[in-house]
Amino acid sequence: GAAVSPFGWPLIADDENRSVQILFTDGRLYSPGGLSTRTTTLNTSAPNAVYGTAQSVLSVAGSPATPQGSVQIADGGRPLASASLVQGSTTIALPTLSAGTHTLTATYAGDGLHPSTPATATILVSPAPVTASAAAATVSYGAPLPALTGTLSGVLPQDQNSVAAVFTANAPPMAPVGSYPITAALTGTASANYTLSSSANAGALTVVPAATTATVAPPPNAYATLPLQLTAHIASATSGTPTGTVKFFDAGNVIATAPLVNGSASAIELNPSGGNHTLSVTYSGDTNFRPSASANVIQAVNALPDFTVGVSGNSQQTVIAGSSATFGLTVGSQGGPFTGAITLSASGLPAGATASFSPPAVVPGASSAAVTMTVATRASTAHRAGHEPDLALAAIGATLLITMKRRRTLTRLLMVLLAAGLLGLTGCGARTATESVLPVQSFAIQVQATGTNLAGNVMVHTVSVTLGVE
């Protein structure tokens with residue numbers, strides 16, 4: 001009869017001779033008793049290779065016949081791969097064998113007739129070359145560096161998710177305008193199995209000048225003939241502080257050139273004329289910042305603020321000599337807030353009269369200020385002239401009385417006149433019915449207001465009132 005052994009060898013039974021024989025691959029029959037001298041020899045070689053191309057060539061020789069079965073390769077006890085023998089030999093690819101020196105152990109498992117046997121081999125695996133090519137990038141001065149990208153070629157399919165390139169520019173913080181190379185580095189769990197080189201046409205990081213914004217700031221108020229203070233501000237669209245110079249223009253004409261200090265520049269336009277002025281600035285730019293120009297700003301240049309003085313209420317008053325009269329005055333600004341102190345005085349007063357002002361000085365500012373003028377008259381101003389007819393009348397009456405005693409009728413008349421004259425002398429300045437018909441003396445009083453304007457010029461304005469004194 002015939003059968004197959006667990007190892008695949010054909011078995012032939014000889015019933016007549018009561019024996020069993022094995023048919024080997026050499027075509028010969030062997031009896032089990034003749035297999036006592038079985039031998040197995042395993043030869044393995046692993047030539048040095050680049051990562052991803054390593055392999056081991058194994059051959060197994062034995063007696064009797066050619067061994068069959070499989071061979072396994074291990075690296076330091078870690079199984080790598082196995083393969084079946086074909087005609088006693090096989091080649092095992094080791095694409096995952098990492099870069100470095102390895103001592104491989106090959107083990108023939110045996111085939112039932114040939115015993116198992118091990119063998120060792122040493123292999124040096126070199127890193128595989130890969131090439132990185134950085135993509136060119138551009139950034140404005142002072143802006144954050146962009147994320148740098150590129151390509152990586154040469155990575156084995158088995159490591160596509162285990163190796164990557166990280167691109168970095170060799171540029172310091174706030175790198176000045178210029179070109180900076182981009183370098184690459186490998187990262188990932190399989191990165192040690194590769195050696196990196198950069199492409200000859202790899203891109204670079206280019207830092208370009210940053211954009212700027214120019215603005216001109218005139219003062220809130222401007223007046224003709226007074227210096228016009230102008231300020232320019234130059235701001236970066238990114239970060240950093242521009243340097244260089246700024247030109248100031250009025251209606252397109254250069255009025256000043258000034259250097260930037262901490263992003264600002266100042267200039268003065270002397271003696272500007274009244275009216276609207278079209279102001280602007282231009283920035284020259286520098287190594288790291290682009291030039292820019294401001295929008296036009298319309299600045300109104302007004303006439304210098306002045307003031308006015310006027311009478312509030314009645315401008316004509318009549319008083320009895322020895323009493324006082326009050327006049328209301330208003331001091332106001334004209335053409336803008338008048339911020340200087342204004343004092344007042346009066347001329348054309350009655351003899352012996354005085355004028356006082358409350359308050360003595362005012363600043364009208366953006367509105368107006370009220371002032372009260374008080375004129376105090378002297379009691380003798382009008383009363384002396386009013387009593388002179390009484391004195392004359394009394395003197396005449398006394399003379400007539402002496403020279404014309406004999407005429408009784410005339411005597412009585414003169415006595416009446418004398419009494420009237422004496423009565424007038426004893427009036428002592430009090431207002432009586434007789435005094436109400438006394439003549440009124442009129443005085444034109446001129447009030448003078450004096451102040452200094454923003455240009456330092458003394459400004460004088462006047463207003464008149466009329467004072468009557470009885």
Side-chain angles (χ1 to χ4, degrees), residues 136-146 169 171-180 204-306 333-340 366 452-457:
T138 301
V139 65
S140 295
Y141 172 80
L145 296 182
M174 298 293 290
V177 168
S179 181
Y180 299 87
L205 173 67
T206 302
V207 178
V208 299
T212 58
T213 301
T215 56
V216 58
N221 298 304
Y223 301 103
T225 72
L226 289 185
L228 181 59
Q229 179 74 45
L230 303 176
T231 302
H233 300 286
I234 310 300
S236 169
T238 56
S239 60
T241 303
T243 61
T245 58
V246 173
K247 286 185 177 180
F248 293 81
F249 295 85
D250 186 349
N253 299 314
V254 178
I255 57 176
T257 300
L260 277 175
V261 178
N262 295 326
S264 297
S266 298
I268 295 177
E269 181 177 3
L270 299 175
N271 196 28
S273 60
N276 289 334
H277 290 244
T278 302
L279 305 176
S280 62
V281 296
T282 61
Y283 167 54
S284 63
D286 63 13
T287 303
N288 296 317
F289 293 96
R290 297 209 308 254
S292 59
S294 73
N296 290 335
V297 174
I298 304 301
Q299 174 67 46
V301 177
N302 303 311
L304 283 171
D306 201 349
S333 294
Q334 184 178 49
F338 194 90
T339 56
T452 303
N453 67 10
L454 294 174
N457 300 322

From CZ (F249) to OG1 (T278), nearest 0.5 Å: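 With rounding to 0.5 Å, CZ (F249) is 13.0 Å from OG1 (T278).
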Gap separating the CD1 atom of I255 from the CG atom of L270, nearest 0.5 angstrom: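 So the CD1 of I255 and the CG of L270 are separated by 9.5 Å.
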Quick one: side chain to side chain donor-acceptor pair (under 3.5 Å) pairs with a partner in [range], sequence neighbours left out?
range: residues 287-304; value: T212-S292
range: residues 221-243; value: H233-S264, S236-T238, T243-D286
range: residues 246-262; value: D250-H277

Measure across [X] and [Y] and return the closest heavy-atom pair with its distance rounded to 0.1 Å.
X: V281; Y: A232; value: CG1-CB, 3.9 Å
X: L304; Y: A455; value: CD1-CB, 3.7 Å
X: A224; Y: G274; value: CB-N, 3.8 Å

Derivation and outcome, side chain to side chain contact (heavy atoms under 4.5 Å, CB included), residues T339 and L454: CA-CA 8 Å; T339 56; L454 294 174; 3.8 Å; yes
Validation row: T282, V246 side chains within 4.5 angstrom (heavy atoms):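 Heavy-atom side-chain distance check fails, nothing below 4.5 Å.
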Side chain to side chain donor-acceptor pair (under 3.5 Å) against S284, all qualifying residues, sequence neighbours excluded: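 S284: side chain to side chain donor-acceptor pair (under 3.5 Å) contacts with T245.
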Evaluation steps, side chain to side chain contact (heavy atoms under 4.5 Å, CB included), between L145 and L205: CA-CA 9 Å; L145 296 182; L205 173 67; 3.8 Å; yes
Counterpart residues, side-chain contact (heavy atoms from CB on, under 4.5 Å), relative to A235 (two or more places apart):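 For A235, no residue satisfies side-chain contact (heavy atoms from CB on, under 4.5 Å) once neighbours in sequence are set aside.
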Any residue meeting ring-ring contact (aromatic ring centres under 6.0 Å, His included) with Y141, in chain and number order, not counting sequence neighbours: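 By the ring-ring contact (aromatic ring centres under 6.0 Å, His included) rule, Y141 matches F289.
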